[in-house]
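Some notes on the structure that comes next.
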Amino acid sequence: MAIRGNWMYENNGGTCVAIAGADYCVIAADTRLSVGYSIYTRDYSKICKLADKCVMASSGFQGDLKALQKNLAAKHLIYQHQHNKQMSCPAMAQLLSNTLYYKRFFPYYTFNILGGLDSDGKGCVFTYDAVGSYERVGYSAHGTGAGLIIPVLDNQLKSPSPLLLPAKDAVTPLSEMEAVDLVKDVFASATERDIYTGDKVEILVINASGIRQELMELRKD
Amino acid sequence: MKLDLSGLQSFPSIPGSAVDDLGEDLFAAPSFQLPACSDFDGFQKDAIQMVKPAKGTTTLAFIFKEGVIVAADSRASMGGYISSQSVKKIIEINPYMLGTMAGGAADCQFWHRNLGIKCRLHELANKRRISVTGASKLLANILYSYRGMGLSVGTMIAGWDEKGPGLYYVDSEGGRLKGTRFSVGSGSPYAYGVLDSGYRFDMTVEEAAELARRAIYHATFRDGASGGVASVYHVGPDGWKKLSGDDVGELHYKYYPVAPTPVEQEMTDAPAA
């Protein structure tokens with residue numbers, strides 16, 4: 001993108017993905033941070049744990065992401081002090097939407113995905129645009145590699161729209177292991193064709209027993 | 001013009017005297033953060049182009065004998081990319097009032113949620129439901145105060161109040177129009193064609209719903225930025241009810257079924273040698 005005298009944003013590249021299942025949620029993001037054609041670091045986490053059952057991954061401008069994560073963590077802390085409990089994932093989802101919209105005229109250049117378990121223990125994924133419009137979905141991907149990943153997820157996971165009436169059942173058919181394997185596969189494929197995606201992928205799995213983390217190596221070229 | 005900042009209140013119970021350095025940023029008077037640059041309009045134009053927020057696209061509503069029909073598609077696009085095929089563009093403000101989303105998805109979602117809060121506060125303060133006129137005026141005043149800052153909202157407020165069915169069109173330029181038939185969005189010219197030619201005041205609810213469904217289908221057929229699921233709602237004296245949600249791909253084959261072509265010469269398998 002053109003660099004102007006006082007242009008305040010830059011795109012650090014990277015991709016993030018999330019899949020919601022019947023009783024689990026998988027969230028993953030690569031760990032490469034780039035500016036233009038340079039790689040600044042191969043070891044940068046784009047994932048942030050906001051609450052016990054709520055994790056956020058984002059791609060875009062990592063400076064804005066750090067500020068956004070700190071903002072949300074502070075608001076969550078206040079919530080915990082006032083309500084004596086952790087925020088649920090749907091509540092955090094609306095908080096994130098409002099936080100993003102409060103900067104409507106000076107946006108956070110972050111494309112976020114929120115993943116976790118809702119109050120019934122079912123997996124949920126919320127996908128956002130940069131200014132706060134959000135929707136609960138079964139799976140999502142954002143970032144420079146999203147265009148390569150979403151068609152594969154559509155092919156494997158697409159389910160009847162929740163807007164259909166009479167409603168059709170829409171449970172992701174995959175088990176937790178299958179979903180993690182799918183995520184590893186799509187990242188490996190995206191790494192082949194997207195220069196900004198690679199190095200490592202950090203995969204978090206949220207289920208009833210807590211949050212499990214895995215790191216998988218990707219191509220470093 | 002004083003901006004409406006009520007959307008930024010977070011309603012926490014702040015012990016007013018305990019504001020120290022730590023809390024200053026969080027508890028300071030709410031205001032939208034603005035960039036410190038010389039060319040605000042240029043910045044907004046560039047930022048919105050970079051960020052490419054999701055936009056939504058064909059909605060319609062009309063008043064007829066039995067109330068109001070509201071219909072919309074469900075596609076959201078970010079630039080040329082379809083970011084979602086399952087966006088809720090008909091927003092349920094309260095059990096007897098609906099709002100539609102066209103333009104910026106985040107703008108519509110945020111300000112409709114804010115409108116719902118204001119309507120509820122009105123009910124609590126005045127012990128009666130707010131009228132459609134009042135609700136649309138609240139929204140129009142908010143949007144007018146942000147006029148010129150780049151919000152993109154084209155919405156219709158539809159409801160049933162003491163005066164009967166009500167329908168208003170409100171947009172981010174500050175316009176507010178009362179009317180009986182509206183369609184908003186990039187697919188609206190196509191929807192108007194079908195809606196205007198088929199409209200009669202005395203239709204049954206089923207006929208009106210079918211007209212709305214067809215209008216949305218035709219808009220999704222010709223407009224690339226519309227698609228997904230065509231939802232149809234009806235607002236009657238007892239409030240709104242969702243009548244149908246149909247995938248427009250399936251509607252296509254329902255309206256234009258594939259006729260089996262007669263085969264002139266049947267091909268038979270060659271006998272195995």
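Computed from heavy atoms alone, side chains included, the values below leave out hydrogens, waters and symmetry copies. Because the structure is predicted, anything quoted here is derived from the model rather than measured. Within every chain, numbering begins at 1; the chains are lettered A, B, ... in the order of the sequence lines, protein sequences first and strands thereafter.
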Q. Relative to B:Phe32, does A:Arg104 satisfy both conditions: NZ or CZ under 6.0 angstrom from the six-membered ring centre, and within 45 degrees of the ring's axis?
A.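 The answer is no; the distance or angle limit is not met.
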Q.
Under the criterion side-chain hydrogen bond (donor to acceptor under 3.5 Å, both in side chains), I'd like the reasoning laid out for A:Asp154 against A:Tyr139: C-alpha separation, chi angles, the key distance, then a yes or no.
A. CA-CA 9 Å; A:Asp154 279 338; A:Tyr139 58 90; 2.4 Å; yes
Check whether [X] gets within reach of chain B through its side chain, its backbone, both or neither, counting any heavy atom under 4.5 Å.
X: A:Tyr128; value: neither
X: A:Leu100; value: neither
X: A:Ser97; value: side chain

Q | Leading residue by heavy atom contact count with chain B [cutoff under 4.5 Å; candidates A:Phe106, A:Tyr134, A:Tyr108, A:Phe105] | A |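 Option with the greatest count: A:Phe105.
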Is there a donor in the side chain of [X] and an acceptor in the side chain of [Y], or the other way round, less than 3.5 Å apart?
X: B:Thr155; Y: B:His112; value: yes
X: B:Gln109; Y: A:Ser133; value: no
X: B:Asp223; Y: B:Ser186; value: yes
X: A:Thr197; Y: A:Thr15; value: yes

Q. Side chain, backbone, both or neither: which part of B:Leu151 has a non-hydrogen atom closer than 4.5 Å to chain A?
A.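 B:Leu151 touches chain A through backbone and side-chain heavy atoms alike.
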Q: Measure B:Gln44 against the heavy atoms of chain A and call it side chain, backbone, both or neither at under 4.5 Å.
A: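 Just its side chain gets close to chain A.
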Q: Go through B:Gln85, B:Arg113, B:Lys242, B:Lys88 and name the one with the most non-hydrogen pairs under 4.5 angstrom from chain A.
A: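 Ranked by contacts with chain A, first place is B:Arg113.
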